[in-house]
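First the structure, in the form of structure tokens, and then the observations on it.
Whatever order the structure lists them in is the order used to number ligands and atoms, beginning at 1.
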Amino acid sequence: MGDRDPPTLQQLAIEGLLREEALAISALEVMPPMLLPAMFEVAFKNRQTNVLRAMVPIWPFPYLPVGALIKTPHLETLKALLGGLDAFFKQMDCPRKGKVRVLDLTTTDSHCWSIWAGTYEGDCSQQVVRHEQQPMETCHDSGMKNNLKVVTELKLVDNDTKEYATHLVWWAEKKKDSIHLCCLKLQIWEPCISNVIEVLKSVDLQCIRELHLRSLWIDDMAAFGPYLGQMRNLHTLVLEGITNNFRMDESQGLEEEWISTLLSQFPKFHCLQHLYIDDIYLLVGCMREWLRSLKKPLETLSIKYCHLSQADLDHLPQCLNLSELRHLHLSSLLLAECLGPLGLLLERVKATLQSLELEKCWLEDSGFRVLLPALSQCSQLTKVNFIDNNLSLPLLMQLLHNIAKLSKLTQELYPAPLECYDPSGLVLVHQFDQLCPELMAIIRTERKPKKVTFATRQCHKCFSCSIYELESRHCLCSQ
Ligand SMILES: [Zn+2]
Ligand SMILES: [Zn+2]
């Protein structure tokens, strides 16, 4: 049911019925099963928790993909759904017992709601079979020793998400003999580590595919060790802003303890494919240890707001765990001067690399030039981002000549050439307007550009950038 489509007669009837909540609930007993999804969808949007609580126990399909209907997690709605599951277990002898086996709070795929609402335009038959008869296999426990699975992601980020997560974990804990709480993604941004540990104790750590740890103190990290090692199906690990609240001399031991705890868990992540490291000062000089501890080649390596020493860079092309890399994102980095090893790494991954971001690395011509030969061979690239590097017009022209032949590129971001700035760093608008189309023309000689952007550095007067895509947009003070 698209929001802009005129309402169908069925929809109008359902909305009318839902205005009389008691009547709607009593009508559920006699309502044809195929009408229930449309009614559920409207009741969900209206947050009619009494109706939702009554509908879950008689849900006529094994799969209830409510995640596709959730815009913002709402605690009262969650309580109603879980209350519905409680009722489902109690009424074992009810003549109209529902079939729900999986309550999925995570899915964003709204196909089955479209099919149920009769608005799906694809091949419905296959989709109906998949969604109605085979709930998604989401975890290692798909054999389901338990009767029912609740698939979720948990965020411990702010008071609302903490309350939502805590309630769900508390409810599942009470029912753990009959419910499998399947947490696919765990996001933690929580200075109070004891709350986190409570959640970690209550969820099945082997189900977790994605873990985000953000803004934590270094002395809290050691407590994670035993739990990290049990996340054996983790495929994405995001570590962001692990900070130090101790004086340097006191924290030395803690830092070493955390690093050795973390690295000793890495070999247990047999599925890890995507590693994001953001603002972790402890990475400096340790790249070799981090990458060597991995068990399997990475698909994504993203490092932001860190410092990579020459020793770190030197190790990159030798690392077997980077040989099948598809996404290399190095942004806002202080990079060592000699970028030769980065060129060698590009050479190694030329057959697999799909996106390359070297944003805000402040590289100059001499550093960047060593990347060019390898870059022109990365034939699978679909995205490049080189914004906020200090490159001259001749170097950019050479780069674009090299890259113009890469026919799979769909998104390209380049810095405006140094010739576009006056000595104080302000943008010379006339130069910018003249040079960017000339650079774009180089790409056009080989292929039709899809999305190409040239951007200046942030203007130090108005804090905006000048952008050239198909036409120029100047920073605020040049307009
Ligand atoms: Zn699971
Ligand atoms: Zn400006």
Side-chain angles (χ1 to χ4, degrees), residues 62-67 81-82 85 100-107 109 134-155 165 168-187 199-212 227-237 268-272 387-388 415-433 435-436 453-469 471-479:
Y63 187 46
L64 180 46
V66 287
L81 296 171
L82 301 181
L85 290 179
V100 67
R101 290 291 174 271
V102 176
L103 174 70
D104 189 344
L105 298 162
T106 62
T107 183
D109 178 4
Q134 286 188 326
M136 283 197 314
E137 293 211 353
T138 47
C139 72
H140 70 104
D141 191 19
S142 54
M144 287 214 286
K145 62 180 187 304
N146 301 328
N147 298 330
L148 207 142
K149 174 151 77 171
V150 176
V151 185
T152 189
E153 61 177 66
L154 295 175
K155 286 186 188 175
L168 185 54
V169 168
W170 168 80
W171 176 86
E173 187 66 18
K174 281 196 308 179
K175 297 229 157 357
K176 61 183 173 195
D177 292 336
S178 45
I179 298 271
H180 170 58
L181 180 66
C182 187
C183 174
L184 298 180
K185 183 172 167 185
L186 183 57
Q187 236 173 307
V199 170
L200 291 173
K201 279 182 187 163
S202 306
V203 298
D204 185 341
L205 298 169
Q206 293 200 51
C207 296
I208 297 175
R209 309 277 183 90
E210 274 190 61
L211 176 67
H212 294 225
Y227 301 99
L228 275 177
Q230 292 175 56
M231 299 181 190
R232 294 179 183 237
N233 292 298
L234 200 68
H235 69 61
T236 300
L237 176 61
K268 298 175 186 166
F269 301 149
H270 291 276
C271 309
L272 192 71
I387 277 186
D388 283 337
L418 289 176
E419 286 77 355
C420 293
Y421 302 93
D422 74 7
S424 74
L426 281 177
V427 176
L428 300 164
V429 174
H430 177 70
Q431 285 283 84
F432 181 76
D433 288 351
L435 295 178
C436 291
T453 304
F454 292 90
T456 63
R457 300 191 286 254
Q458 196 182 46
C459 168
H460 55 70
K461 274 190 178 170
C462 68
F463 303 108
S464 64
C465 306
S466 297
I467 304 280
Y468 177 83
E469 280 165 341
E471 55 187 36
S472 300
R473 273 183 283 133
H474 299 133
C475 78
L476 299 174
C477 55
S478 312
Q479 284 171 353

field: Heavy-atom donor-acceptor pair, S464 side chain to L476 backbone, under 3.5 Å
entry: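 Checked: pair present.
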- prompt: Without hydrogens or angle criteria, can the side chains of H474 and D433 be said to hold a donor-acceptor pair below 3.5 Å?
  reply: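 There is such a pair between these side chains.
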- prompt: Does a donor on one side chain sit under 3.5 Å from an acceptor on the other, for T453 and E469?
  reply: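 Note: T453 and E469 side chains meet the donor-acceptor criterion.
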message: At less than 2.8 Å, would any N/O/S atom of C183, backbone or side chain, sit next to the Zn ion (ligand 1)?
response: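 It does not: C183 brings no N, O or S atom closer than 2.8 Å to the Zn ion (ligand 1).
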field: Plane angle bin for F454 and Y468 - parallel if under 30°, tilted between 30 and 60°, otherwise perpendicular
entry: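 Correct class here is tilted.
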- prompt: Mind checking whether the Zn ion (ligand 2) has an N, O or S of H460 under 2.8 Å?
  reply: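 Within the cut-off used here (under 2.8 Å), H460 places no N, O or S atom near the Zn ion (ligand 2).
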message: For the metal site, I want the angle between atom SG of C459 and atom SG of C475 with the Zn ion (ligand 2) at the apex, to 10°.
response: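 The angle at the Zn ion (ligand 2) comes to 110°, rounded to the nearest 10°.
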